[in-house]
Amino acid sequence: LSDITGVIPALITPFDENEAFDEKRMRACVRFLLARKVDGFYLTGSTGETFLMSPEERKRVVEVVVDEVAGRVPVMAHIGAIGTHLSVDLAQHAQETGVDALSSVPPFYWSFPQHEVLGYYADLTASTDLPMIVYNVPLAGLFGFDMISKLAQIKGVEGIKYTAPTHFEIMRIKAEISKDFVVYSGADEMAMSGLSFGADGIIGSLYNLMPELFIGIRDAIAAKDLARAQALQETANAVIFFGVSRSLMAVIKRGMAWQGADAGYCRRPFSNYYDAEAEEALKNDFRQAQE
Ligand code: HMN
């Protein structure tokens, strides 16, 4: 896993006007992001609207993206579900398809005790040979440091996608668990913070929309140019705060379309800015927010 670093979009999944997976748009978006020099892809995560898709559709997305990427950059597949059976099935399919790493949210909805969450990840890692990135995300209930240490002891768990604001823990993971335990910072509005606290890479939604800004942050942090990283983060955050106060995935998809990669529609209950009126209102709103 340590060779998968840098700026990794949590890839959007394009749907057509009837909400069917749109393979053609998917392939075009992948090519668009490769041309913009992203370092890898994270598929079928929250940004990929995964929990609005059937298992068969999730598998199809993985197949299409792996085929389009054709080994040019690493691909990670989020295969998380509430039930171990389904996650194992998705994990094995992802391995057969040729992804480089797996990731999963912990089982959610019910409040599972620690030993069941640990069991979930142990079952998953035993089912394939791929490295597992556990996903620490507020919506599924954040892991404490003690839990992260226990997860890191499971054979096959080699990293964490850390979408929590407590970035001091990134340093602590490196110091107390292992410097080789890979950390991906998951909050785009804190990319600079995550990287400067020692994260190996960043995975997030907004890297679909404005990868260059974050590639700039990656390079500025590597060069220890904090002033430049901060200026880029401030620019990015103006767009992020605009997006999160609306329908984020829809803003990202339309913003990509304005740049030449038609990322299609979102699935309901997410909304869209597809008709001319909604689109014009969004553009006006954005202009006003920049003033
Ligand atoms: C994924 O699983 O699709 C993403 O990597 C999730 C990602 O970390 C986003 N977090 C959540 O959706 C909870 C962020 O990119 C987030 O959208 C961004 O920081 C804006 O708040």
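Whatever order the structure lists ligands and atoms in, that order sets their numbers, starting from 1. Everything numeric here is computed off the predicted structure, so don't read it as measured data.
- Atoms of ligand 1 lying under 4.0 Å from at least one heavy atom of Gly45, given by number and element, are 2 (O), 3 (O).
- Salt-bridge formation is detected for the pair Glu23/Arg60: a Lys NZ or Arg NE/NH1/NH2 atom is positioned less than 4.0 Å from an Asp or Glu carboxylate oxygen.
- Taking the six-membered ring for Trp and the full ring otherwise, Tyr207 and Phe41 have centroids separated by 6.0 Å or more.
- Of all protein heavy atoms, the one lying nearest to atom 17 (O) of ligand 1 is Ser205 OG, 2.8 Å.
- Atom 13 (C) of ligand 1 has its closest protein heavy atom at Val137 CG2, 4.0 Å.
- Residue-ligand proximity: His78 is placed with every non-hydrogen atom at 4.0 Å or more from ligand 1.
- Under the 4.0 angstrom criterion, atom 20 (C) of ligand 1 counts as having a protein heavy-atom contact.
- Figure legend: cation-pi geometry between Lys161 and Tyr42, with NZ or CZ positioned under 6.0 Å from the six-membered ring centre and within 45° of its axis.
- Residue Lys161 touches ligand 1 through its side chain alone, judged by heavy-atom distances below 4.0 Å.
- Under 4.0 angstrom from ligand 1, the non-hydrogen atoms of Leu248 all belong to its side chain.
- Within ligand 1, counting atoms from 1 as listed, the ones closer than 4.0 Å to a heavy atom of Gly204 are 5 (O), 15 (O).
- Heavy-atom distances between Tyr135 and ligand 1 reach below 4.0 Å in at least one pair.
- Of the possible donor and acceptor atoms, one in the side chain of Lys253 sits under 3.5 Å from a partner among the backbone N and O of Thr13.
- Of all the heavy atoms of Thr163, the ones lying under 4.0 Å from any atom of ligand 1 belong exclusively to the side chain.
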Assess whether salt bridge (Lys or Arg N to Asp or Glu O under 4.0 Å) is satisfied between Lys174 and Asp180, documenting all intermediate values. CA-CA 7 Å; Lys174 294 286 182 183; Asp180 299 324; over 6 Å; no
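- In this structure, Arg172 is not positioned above the aromatic face of Phe168 in the sense of NZ or CZ being under 6.0 Å from the six-membered ring centre and within 45° of the axis.
- No side-chain donor from either of His78 and Ser103 sits under 3.5 Å from a side-chain acceptor of the other.
- Proximity of Leu195 to Ile217: side-chain heavy atoms (C-beta onward) are separated by under 4.5 Å at one or more points.
- Heavy-atom proximity to Thr47, at under 4.0 Å, picks out these atoms of ligand 1: 1 (C), 3 (O), 4 (C), 6 (C).
- Within ligand 1, the atoms closer than 4.0 Å to a non-hydrogen atom of Ala10 are 1 (C), 3 (O), 4 (C), 5 (O), numbered from 1 in the order shown.
- Atoms of ligand 1 found under 4.0 Å from any heavy atom of Gly186, numbered from 1 in the order shown, are 7 (C), 8 (O), 9 (C), 14 (C), 15 (O).
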Please assess Asp22 against Arg25 for the test salt bridge (Lys or Arg N to Asp or Glu O under 4.0 Å), listing each intermediate value before the final yes or no. CA-CA 6 Å; Asp22 192 327; Arg25 283 179 167 127; 2.7 Å; yes
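- For Tyr42, no nitrogen or oxygen atom sits less than 3.5 Å from a nitrogen or oxygen atom of ligand 1, counting backbone and side chain alike.
- Inter-residue side-chain proximity for Leu52 and Pro269 is flagged as met; some heavy-atom pair is nearer than 4.5 Å.
- Close contacts of ligand 1 with Val244, meaning ligand atoms under 4.0 Å from a residue heavy atom, involve 20 (C), 21 (O).
- Not one N or O of Ala187 is nearer than 3.5 Å to an N or O of ligand 1, by distance alone.
- The distance from ligand 1 to the heavy atoms of Ile203 drops below 4.0 Å at these ligand atoms: 5 (O), 8 (O).
- By the 6.0 Å contact criterion, NZ on Lys179 is open, its count of non-hydrogen atoms from other residues, nucleotides or ligands being 12 or less.
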